[in-house]
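Chain identifiers are assigned alphabetically (A, B, ...) following the order of the sequence lines, protein sequences preceding nucleic acid strands; residue numbering begins at 1 within each chain. Just so we're clear, the structure is a prediction, and the values are computed from it rather than from any experiment.
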Number of protein chains: 2
Amino acid sequence: MDKQTVTIYDVAREAAVSMATVSRVVNGNPNVKPATRQKVLDVIDQLDYRPNAVARGLASKKTTTIGVIIPDLTNSYFSELARGIDDVALMYKYNIILASSDENHDKELQVVDNLTAKQVDGIIFMGNQVSKDLRDAFNRANVPIVFAGSVDPEHQSPSVNIDYVAAVTDAVAKLVSRGNKRIAFVTGSMDESINKDYRLKGYKQALSSKRIGYDEGLIFQTDYSYKAGYALAQALQDVKATAAFVGDDELAAGVLNGLTDAGVKVPEDFEIITSNDTRFTEISRPTMSSITQPLYDIGAVSMRLLTKLMNNEEIGDKTVVLPYGLKKRQSTK
Amino acid sequence: MDKQTVTIYDVAREAAVSMATVSRVVNGNPNVKPATRQKVLDVIDQLDYRPNAVARGLASKKTTTIGVIIPDLTNSYFSELARGIDDVALMYKYNIILASSDENHDKELQVVDNLTAKQVDGIIFMGNQVSKDLRDAFNRANVPIVFAGSVDPEHQSPSVNIDYVAAVTDAVAKLVSRGNKRIAFVTGSMDESINKDYRLKGYKQALSSKRIGYDEGLIFQTDYSYKAGYALAQALQDVKATAAFVGDDELAAGVLNGLTDAGVKVPEDFEIITSNDTRFTEISRPTMSSITQPLYDIGAVSMRLLTKLMNNEEIGDKTVVLPYGLKKRQSTK
DNA sequence: ATATTAAAAGTAAGCGGTTTCATGATTGCT
DNA sequence: AGCAATCATGAAACCGCTTACTTTTAATAT
């Protein structure tokens with residue numbers, strides 16, 4: 001039944017060398033006479049030998065596998081990052097164990113322990129709350145971790161990001177400069193550091209620099225979904241907001257359509273700027289103005305950084321900040 | 001530096017039993033006296049012992065890891081499936097090695113060999129072209145494979161799908177029944193079996209049953225992207241199409257916006273039905289009518305099926321067909 | 001009590017590689 | 001030609017766990 005798998009031992013026997021030698025040629029160790037190497041290579045070819053990565057992992061303590069923790073696979077922001085990660089991982093011959101966390105604390109913990117058991121060589125983390133427990137789990141894993149498109153409020157772990165504070169400041173300032181006085185701030189939970197410590201800071205900064213008062217009533221926390229945004233339309237009108245900064249594109253699309261369906265004209269009566277410049281910004285009508293981020297690059301750079309860390313290469317700053325921009329589309333005047 | 005990891009041997013020593021016994025309690029083997037079990041459990045707790053999954057994998061030849069091959073992570077269709085897969089995988093304690101194929105033949109081959117080397121216990125494949133080489137690679141892997149939301153034209157592998165032919169027939173028939181005579185068929189490459197053998201068949205079936213001639217000129221092959229769809233607007237008008245069936249939602253959104261921007265009114269002058277009922281159908285304006293598919297379930301059922309296969313459980317039909325529907329939204333009259 | 005059987009625990013052989021160390025074969029240099 | 005230094009190879013321990021097989025202990029029967 002189980003077709004006999006060919007092992008390094010079979011190759012050794014067939015090539016009349018020791019398994020050590022086979023191992024050397026497989027791993028490109030230079031200390032092998034060309035003639036021997038060729039002989040072994042021939043046998044490998046002939047037997048269709050393929051090294052068993054599990055055995056190799058046990059012996060060498062390197063699995064060439066990394067863990068990627070992602071809050072939501074179906075969220076474009078994260079899946080774009082994941083694509084960048086994946087491409088670079090492939091480039092460096094790492095496999096990815098993907099683990100969804102749903103931003104759920106227990107699940108994150110569980111997932112990290114899982115990855116640890118599987119002996120991954122490194123971890124890329126997306127998510128914005130790092131509890132003490134999670135930090136402990138990270139440490140226990142004893143492998144490098146990189147935060148991708150996610151902030152580590154305590155700056156302990158390497159991360160790749162844009163300057164969220166500045167980006168949001170710019171975005172909101174833009175809204176202010178168009179005469180908006182009541183600008184809503186719509187994001188996910190304030191438990192997330194990115195919202196509480198970065199975006200909100202940018203929002204407040206923009207307001208105060210233009211001498212506009214801060215109004216709690218304009219702050220909306222919800223989940224990152226179209227539905228949630230759509231449902232917010234009424235509330236937004238109730239507080240007499242004339243513009244909104246939104247922390248997620250799908251959420252923004254919901255807000256946009258909710259308002260439009262309620263008869264509010266965007267951008268004439270209400271302006272919207274969103275955050276991630278994903279495909280939703282082009283698909284919605286009107287299209288949505290947005291902060292622009294190099295999503296793919298954030299992922300790619302994170303992974304590249306991780307490879308360096310895994311190789312103990314010297315790296316400069318552990319926090320890399322990529323450039324952002326502001327793209328005007330139809331949802332702002 | 002490297003904190004000493006605690007092994008099964010440490011636990012054995014500390015608990016004054018053999019490693020076999022420790023292994024038994026870890027694996028829930030009943031042949032252990034309760035008192036002994038407790039003692040071992042205590043030591044495990046005290047030492048914070050965690051079994052090394054790699055070693056376990058080597059010894060037991062089971063990695064509790066499966067491979068998932070996905071053409072494009074950022075395509076909502078696939079990421080929704082992936083979510084279903086992921087949830088069920090978690091439920092059964094499997095980890096997922098995610099591998100992007102980009103529908104690229106060589107990459108697929110490479111990826112399967114990779115997964116094989118990593119000794120995954122099973123594979124879920126998404127994609128629609130299965131070459132002889134790929135089939136060989138599948139066989140070489142020597143583990144069960146399930147096609148999720150993807151057809152196996154040769155019906156060799158288990159798969160979970162909807163009835164694409166019937167679904168497209170219904171969709172196109174709907175268009176015909178509204179008086180459309182020139183209905184475009186817009187999908188990805190005809191090299192993909194799902195397009196060539198299923199969707200096109202449904203399309204033709206619907207036409208011929210209503211005695212409408214088949215016109216090559218109405219068939220459009222492109223890639224599954226918003227841009228591609230947008231670019232098609234002119235061509236669609238040139239062939240005087242008044243409706244279109246589209247095989248992907250993002251592509252459909254492109255077609256929709258392209259036409260709209262060109263001054264064509266949807267649905268008044270042009271009707272569109274798309275295929276996957278992803279979130280794009282709700283976000284676009286007008287919203288898009290679509291075939292509905294239980295995306296999450298397709299993924300979930302695929303994974304469940306795979307677990308059965310991996311356990312050598314008896315299964316009924318290797319091909320499971322889930323129900324589809326048709327959802328009318330604003331892009332059709 | 002003693003023989004019989006079942007349950008609990010231990011021994012040790014792998015799983016398929018990597019890697020350290022020892023040894024034999026080459027090469028270089030005087 | 002003779003000896004040190006270098007290169008190529010092999011032997012074997014080890015990575016951390018599972019598991020078949022054996023032995024010891026406990027339970028039941030006679």
- Task: Quick one: which residue pairs count as a ring pair (Phe, Tyr, Trp, His ring centres under 6.0 Å) with a foot in residues 49-92 of chain A, not counting sequence neighbours?
- Result: none
- Item | Of B/Pro34 and B/Ser60, the one whose closest DNA chain C nucleotide lies more 5' | B/Pro34
- Whole Å only: how far is the CD1 atom of A/Ile8 from the P atom of C/dG14? 18 Å
- C/dC21 P sits how many Å from A/Asn31 CG, rounded? 15 Å
- Separation of C/dA13 atom P from B/Leu58 atom CG, nearest Å, is 17 Å
- Message: Would you say that A/Val40 contacts A/Ile44 through its side chain, given a criterion of any heavy-atom pair below 4.5 Å between the two side chains?
- Response: yes
- Note on the structure: To the nearest angstrom, the CZ-C1' distance between A/Arg50 and C/dG17 comes to 17 Å
- Could you identify which residues of residues 37-49 of chain A place a heavy atom less than 4.0 Å from some atom of DNA chain C, listed by residue number, or say none? A/Tyr49
- Query: Side chains of B/Val22 and B/Val17: does their closest heavy-atom pair fall under 4.5 Å?
  - Reply: yes
- Residue pairs passing the ring pair (Phe, Tyr, Trp, His ring centres under 6.0 Å) test where at least one lies in residues 101-154 of chain B, sequence neighbours excluded: B/Phe125-B/Phe138, B/Phe125-B/Phe147
- Query: Distance check: side-chain N/O of B/Thr36 vs OP1/OP2 of C/dA9, anything under 4.0 Å?
  - Reply: yes
- Message: Please give me every residue in residues 12-28 of chain A whose heavy atoms get under 4.0 Å of an atom in DNA chain D, ordered by residue number.
- Response: A/Ala16, A/Val17, A/Ser18, A/Ala20, A/Thr21, A/Arg24
- Item | Non-hydrogen side-chain atoms of B/Arg56 and B/Asn27 separated by less than 4.5 Å | yes
- Item | side-chain N/O A/Arg56 vs C/dG16 OP1/OP2, d < 4.0 Å | no
- Quick one: how far along DNA chain D does chain A reach, first to last nucleotide 5' to 3', anything under 4.0 Å to a heavy atom? D/dA8 to D/dG16
- Tell me, which pairs form a salt bridge (Lys or Arg N to Asp or Glu O under 4.0 Å) where one or both residues lie in residues 297-317 of chain B, sequence neighbours left out? none
